[in-house]
*Asks:* 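Sharing a structure, written as structure tokens. Questions coming.
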Amino acid sequence: MVIGNWVLVIIMRSITLSAPGKVMLLGEHAVVYGQPCLVTAVNQRLQLTIEQSDGEDKVETPEVGDTRFLDATIALFKEKFHLKTGLLKITTNCIFSGKYGFGSSSAVTSAMVAALSQLYNLNLSERQLFDLAYLVVLNVQGLGSGFDVAAGIFGGTLYYVKGGRVLEKLDNNILNDGAEIIVGYTGIKSHTVDLVRQVAEKKAREPEKFDRIMLAIGQLVNNAKIKLAEKDWERLGTLMDFNQEYLRNLGVSSEKLESLISAAKRGGALGAKLSGAGGGDCMIALARSDKREEVKQAISNAGGEALNMKLGAEGVKVEE
Ligand code: MEV
């Protein structure tokens, strides 16, 4: 820009990162009550670009629909690191449709904390990024276990306890060795916050029964972690079925989820369950590799959308 005889150089820095979506394998809902879960990052990624230039602190998000997670991340960084951000122009591009429930909010939060750390040379570790991302989730939603931002930051397949009290990366290749997880979309939107509240009401109504279910799910997840490492697919499938029974008991399954789950089982799956908060979104089925196509077909025939995806994807990363 030329003003009179002066040339004004506006320094602009730009960075693009991507973060993966996630699929809950076992332990949803119980993880909110301190039990462990198994979650995996999926190769459906969200890309976030920030262009930063000097000047007054201002944020422009021309194409981002829901800016709550971005705004909360910036507010948290300003508070913690006393940042003067300058002008930030943020754009996001989600490769996966928000409809599947793979976690576009958690992916955007994971990408944003990592982007701000890079942009302002804060050199934060993965653990620090996770702690900040979890705070953002709590600030925006007021509830949640943080399993989704753990998958967004760390990637891979994780054994996880709320707030990152335990955060263990499992062998990434196991889920593609002889058997695999197939994801089926119901076509129905799930409302996580409502379902988490609904489950909390169940706890208030029947506290003892509720605690027994939570404990049983926790034990089943611990068992599943061992069976996964042993590649004992039969038993892992049975544990998925048990988990689904408990989720049904909690009242978070639905007719469509049940119909895709039974179809997958009839099609030869070793186990099947809903994945995530329930009510809709996705179900998952475990099938031996030679049964994959039959199980996918069974899910499609029952009115679901069998999705192709790779599990155990990389966590948040800078894109060239
Ligand atoms: C939602 O995908 C999974 C829940 O366990 C909530 C959470 O862990 O934050 C229901």
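Quick caveat: nothing in here was measured; it's all calculated off a predicted structure. All heavy atoms count here, side chains included; hydrogens, waters and symmetry mates do not. Note that ligands are numbered from 1 as they come in the structure, with each ligand's atoms numbered from 1 the same way. All residue numbers refer to positions in the sequence shown, counting from 1.
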*Asks:* Report the C-alpha separation of L220 and Y246 in whole Å, then their side-chain angles, then the decisive distance to 0.1 Å, and conclude whether the side-chain contact (heavy atoms from CB on, under 4.5 Å) test is met.
*Replies:* CA-CA 11 Å; L220 170 162; Y246 289 124; 3.8 Å; yes

*Asks:* To the nearest 0.5 angstrom, please state how far the CG atom of L76 sits from the CG atom of L132.
*Replies:* 5.5 Å

*Asks:* For Y159, does the six-membered ring have the charged nitrogen or CZ of K225 within the cation-pi criterion, i.e. under 6.0 angstrom from the centroid and within 45° of the normal?
*Replies:* yes

*Asks:* For Q44, check side-chain hydrogen bond (donor to acceptor under 3.5 Å, both in side chains) against everything at least two apart and list the hits.
*Replies:* none

*Asks:* Pairs under 3.5 angstrom, nitrogen or oxygen on both sides, ligand 1 versus protein: list them out, please.
*Replies:*
| residue | atom | partner | partner atom | Å |
| --- | --- | --- | --- | --- |
| ligand 1 | 5 (O) | H29 | N | 2.9 |
| ligand 1 | 8 (O) | S145 | OG | 2.6 |
| ligand 1 | 9 (O) | S145 | N | 2.9 |
| ligand 1 | 9 (O) | S145 | OG | 3.4 |

*Asks:* Identify whether the distance between the nearest side-chain nitrogen and carboxylate oxygen of E51 and R13 falls below 4.0 Å.
*Replies:* no

*Asks:* In terms of ring plane angle, is the pair F130 and F154 parallel, tilted or perpendicular, where the classes change at 30° and 60°?
*Replies:* tilted

